[in-house]
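Reading through the structure tokens given below for one structure.
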There are 2 protein chains.
Amino acid sequence: MIEHEMLSFLLAVAVLLGAARIFGEISRKFGQPSVLGEILAGIALGPSLLGMLLPEVNHWLFPTTGSAAIALDGLTFLSITLFLLVAGMEVDLSTAWRQGKAAMVTALFGMLVPFAVGYSLVRIAPEFMGFTSHTSIHLYALFFATALSISALPVIAKTLMDLNLYRSDFGMVVIGAAVLNDLVGWTVFAIILGLMGSAVDGNLANIFNTVALVILFTVFVLTIGRWAINRSLPWIKAYTTYPGGILGFAVTLGLLSAAFTEWAGVHAIFGAFILGIALGDSRHLRERTRATLDQFISFIFAPLFFASIGLRVNFVEHFDILLVITVLIVGTLTKVGGCLLGNRLIGMSWRDSWAVGFAMNSRGAMEIILSMLALQMGLIGDSMFVALVILALMTSATSATTLQAILRRNKKVHFQDFASSKTFLNEVNGTTMQEVIREMVEHMSLSLRDIDARDVLRKLLRREKLMSTALDRGVAVPHARILHLREPIVCIGVSRRGVECDSLDGNMTHLFIMILTPQDDNGVQLDILADVGGLFRDQEISEEIFSVRNYTEFLAEITQMREKAKLM
Amino acid sequence: MIEHEMLSFLLAVAVLLGAARIFGEISRKFGQPSVLGEILAGIALGPSLLGMLLPEVNHWLFPTTGSAAIALDGLTFLSITLFLLVAGMEVDLSTAWRQGKAAMVTALFGMLVPFAVGYSLVRIAPEFMGFTSHTSIHLYALFFATALSISALPVIAKTLMDLNLYRSDFGMVVIGAAVLNDLVGWTVFAIILGLMGSAVDGNLANIFNTVALVILFTVFVLTIGRWAINRSLPWIKAYTTYPGGILGFAVTLGLLSAAFTEWAGVHAIFGAFILGIALGDSRHLRERTRATLDQFISFIFAPLFFASIGLRVNFVEHFDILLVITVLIVGTLTKVGGCLLGNRLIGMSWRDSWAVGFAMNSRGAMEIILSMLALQMGLIGDSMFVALVILALMTSATSATTLQAILRRNKKVHFQDFASSKTFLNEVNGTTMQEVIREMVEHMSLSLRDIDARDVLRKLLRREKLMSTALDRGVAVPHARILHLREPIVCIGVSRRGVECDSLDGNMTHLFIMILTPQDDNGVQLDILADVGGLFRDQEISEEIFSVRNYTEFLAEITQMREKAKLM
């Protein structure tokens with residue numbers, strides 16, 4: 001690599017990563033999976049937008065030939081391999097087994113129906129379904145069928161967590177089904193890739209070899225491999241640097257396994273995925289190490305890969321509206337319908353069956369990766385690729401909302417959703433709970449609009465008289481239901497000196513989280529109280545939260561506390 | 001990239017990483033920095049060894065042309081850029097300022113003496129000093145002078161930590177001096193690189209521009225940049241995913257800064273290093289996020305880079321014994337001498353002055369990176385490169401031992417250094433302290449060789465009678481000094497049920513760490529007791545340590561506890 005190519009490579013990686021992260025974060029702000037933003041970032045920087053508006057800038061930033069282009073290619077290839085390693089680590093086979101029948105049936109019908117319909121559709125109307133390539137119509141139909149039947153475990157898991165359903169029976173069935181779905185779907189896809197390679201020389205023995213190799217490899221890694229990994233991990237932890245030993249072991253093994261499947265004529269990512277499952281299954285792999293691997297790969301490598309997708313394809317030019325709508329409708333109907341059918345058969349309620357169907361309908365990153373590979377292999381054309389990416393993004397983007405509507409569940413409430421810098425009081429001076437409440441109500445009175453601040457104050461003080469709202473560990477939660485209030489308001493006050501307010505553990509109170517909710521609040525007061533209570537009960541509170549200097553710093557502390565609580 | 005090149009790329013990365021990690025760990029087992037092992041791994045896999053023995057395998061694994069070679073090149077280039085970002089984060093400017101005069105003087109003399117001698121040496125005997133290249137003798141001399149005067153902050157910090165000197169006054173002076181040394185050294189090197197680029201057209205205005213640009217950039221990033229980063233971090237933590245927001249921000253900014261310096265004609269890593277300093281300085285960058293970045297980069301990217309060095313150069317062929325010895329002697333004499341001179345001038349004791357000199361003498365990774373770049377730029381030849389790498393490795397490898405000897409300090413004692421699977425008792429059955437001690441002595445009696453087990457038992461029980469050795473939190477430390485015992489022995493017993501032994505906090509005791517030391521033990525008993533006490537006092541003990549099933553699992557738990565304690 002010569003100098004200006006190094007510059008070009010660095011710049012491409014930096015711009016791609018930066019844009020992907022920013023778009024990804026914006027996407028999350030709208031409650032969408034970050035992969036949506038990451039792909040949009042790539043589309044914006046690629047031929048679809050920047051290439052149209054400023055072709056020279058686009059070409060200068062992302063050359064398509066030369067060493068910088070090859071190096072970027074290699075990096076995104078490595079990224080997706082590592083991403084699949086981590087995705088595999090999230091697959092928990094034992095959950096699937098424990099759910100037994102329900103998960104099996106959901107997975108089975110949720111795959112078979114889309115598979116059958118998808119396959120038939122291509123055979124009936126090949127040209128309409130975008131078949132133009134030089135590969136066999138049979139493989140094309142098989143691929144489309146697989147693409148329709150796949151699910152996206154990570155998106156599904158995230159949706160369930162957001163709705164606080166992850167550990168429920170319902171959640172476990174869905175996760176179990178998604179695990180099976182992923183495993184079978186990827187194995188079938190790996191076989192298709194193997195077939196494609198072998199189909200070139202049309203040798204039936206080769207085809208058989210590839211299929212046998214894929215299945216043998218999968219079984220071997222998930223049994224003997226899994227056992228060996230589980231036995232090696234304590235040894236590695238005991239005798240090597242922590243966590244360098246395990247990180248190196250996991251990544252090296254993942255890449256070797258990827259190299260093996262690549263050699264076998266199946267794509268590298270299949271090997272990484274299967275090895276990830278074997279690795280993630282070990283009880284010796286601690287949360288902390290998992291987190292280090294997962295964080296770096298999900299936040300650095302994955303965004304690079306997903307953004308790079310937008311660079312490769314012109315999404316505007318290859319947007320075939322009819323094909324997009326067909327794929328969307330067929331994909332959703334068959335997936336939801338298949339799951340519905342299966343679940344009704346085993347006696348699940350209508351409501352739950354619908355919900356399972358829509359949960360399983362998210363395709364997320366998995367569909368996109370599958371389609372990208374098919375595109376690179378020349379199995380599908382650009383239009384079909386665009387249609388499948390849109391299917392993946394649309395189903396993932398709508399699944400949380402749909403599930404919420406069907407199950408009539410609300411997202412978990414976070415108290416800070418109702419606070420803002422306007423209702424944050426940096427330094428309260430009061431020395432009693434009464435004084436503090438008075439100060440805080442005064443500070444927030446503008447946010448109350450047409451509601452009488454005196455009335456609010458009276459109600460808060462009355463509640464306080466019944467019994468102090470000071471909890472343990474320096475936190476108090478004065479609260480009241482207020483007539484005519486439309487939306488809950490949370491007001492936050494910090495006292496550095498601390499206030500003596502008869503707390504449960506006798507400590508001084510430093511943090512006042514005042515909760516005002518509408519008179520008829522549908523339980524939101526309880527939800528907010530539970531959120532505050534839970535957050536500050538489970539955690540050791542770092543003193544730093546009592547010395548924040550503005551609302552942003554406060555929010556930063558809270559965000560970190562939540563993140564830590566998740567890890568424990 | 002076509003298929004077989006992807007396979008080749010994956011395999012190269014996997015083998016390089018795996019070998020580098022294994023050799024790195026072995027190197028650490030011998031008390032050496034892991035970079036030593038990583039480079040040896042590359043030498044073993046490269047032209048020096050594998051290329052001689054099995055040239056085909058070497059060429060098949062690491063092709064030198066084609067897409068796989070370019071992609072690997074790009075990856076190692078990215079690796080070293082990210083490594084310098086993390087290295088910069090470890091530089092704490094405020095430490096250097098606080099140490100003021102002592103650090104300044106040490107840094108100044110420790111740089112000036114090697115610089116002056118190094119420069120003169122090349123001018124006096126250019127051919128002997130390996131000057132053969134087409135660049136100017138002036139630049140060559142400047143480079144060699146800089147190479148002699150650089151230090152390696154990471155190695156120095158690690159050595160001081162191992163000797164428990166990091167937070168001492170002595171340690172702070174050394175670290176402060178190393179920080180200044182690194183900063184000035186890298187800036188001078190960046191200027192040399194800039195000069196090289198400009199020297200091509202011999203335009204004096206260009207040379208001035210480059211130097212001005214480097215200095216302006218450094219000052220800008222370390223003042224305004226540092227301030228802006230410090231202001232942005234709380235905002236990023238508050239409004240983006242944790243830790244994805246910060247990870248993405250740090251890496252993107254690092255790469256952009258690297259791209260800027262690359263564009264300015266100085267190497268990319270200089271920009272990454274300076275930005276790392278600005279980033280690491282912020283109090284809003286938490287240990288946890290630092291650790292995630294640091295761990296992934298130090299244990300995945302850095303080993304890849306250092307191993308790749310061995311692939312590029314034939315260390316056997318270009319080993320010029322005279323040059324190696326000259327560089328070693330001149331490098332060590334001038335560095336140690338310079339520091340000694342400076343420190344004596346400001347009135348430091350002889351012993352401390354010698355110690356500072358040998359501490360600053362470690363060159364470690366920094367020297368290797370500098371030389372690699374000079375080699376790539378064609379500034380130095382292979383023989384000089386090999387000599388400088390050996391200087392770096394030798395000075396790093398000997399610095400801990402030398403320091404220990406000069407300061408008469410021992411390495412920190414870890415109780416498990418004296419334990420083994422033979423002295424580990426998985427499940428003690430006793431229900432009193434006396435019974436447990438009896439059981440444990442019986443179990444370990446073989447390890448006692450010619451020492452009478454009854455005598456050991458008697459001494460342990462007598463000590464126990466004085467006062468129970470049960471500490472807090474379920475740990476007890478029966479101990480005794482034993483006549484004729486040569487080396488300390490630590491025996492470990494685990495009781496799952498727990499034993500009532502009059503502990504300080506009234507809890508049951510689960511973990512028995514029995515410490516036997518020689519009669520005349522030079523305080524090692526106290527050291528071991530302090531180590532156990534410290535480890536179990538600072539930490540919340542996870543229950544898992546009481547349910548380990550063998551010595552390896554026990555060691556894995558202890559290793560993790562130590563690692564966590566470091567992070568806190």
If you count heavy-atom pairs within less than 4.5 Å of chain A, which of B/Pro234, B/Ser298, B/Pro303, B/Ala69 leads? B/Pro234

Can you tell me if B/Ser257 uses its side chain to pair, donor with acceptor, with the backbone of B/Gly271 under 3.5 Å? yes

Engaged part of A/Arg283 at the chain B interface, taking heavy atoms whose separation is under 4.5 Å: side chain

Could you tell me if the side chain of B/Arg290 sits less than 4.5 Å from the side chain of B/Ile246, heavy atoms only? no

Knowing that exactly one of A/Phe301, A/Phe83, A/Phe299 qualifies, which makes a ring pair (Phe, Tyr, Trp, His ring centres under 6.0 Å) with A/Phe306? A/Phe83

Tell me, out of A/His267, A/Met377, A/Glu25, who's got the most heavy-atom pairs with chain B below 4.5 Å. A/Glu25

With distance as the sole test, does B/Thr261 use its side chain to make a donor-acceptor pair with the main-chain N or O of B/Ala258 at under 3.5 Å? yes

Is it the side chain or the backbone of A/Ile300 that comes within 4.5 Å of chain B heavy atoms, both, or neither? side chain

Do you know which of B/Leu293, B/Val548, B/Thr292, B/Leu16 has the most heavy-atom pairs with chain A at a distance under 4.5 angstrom? B/Thr292

I'd like to know if the side chain of B/Thr252 and the backbone of B/Phe249 have a donor-acceptor N/O pair within less than 3.5 Å. no

B/Tyr551 versus chain A, the contacting section by heavy-atom distance below 4.5 Å: side chain

Among A/Ile297, A/Thr552, A/Ile558, A/Leu78, residue most engaged with chain B (heavy-atom pairs, under 4.5 Å): A/Thr552

Is the ring centre of A/Phe554 less than 6.0 Å from the ring centre of A/Phe424? yes

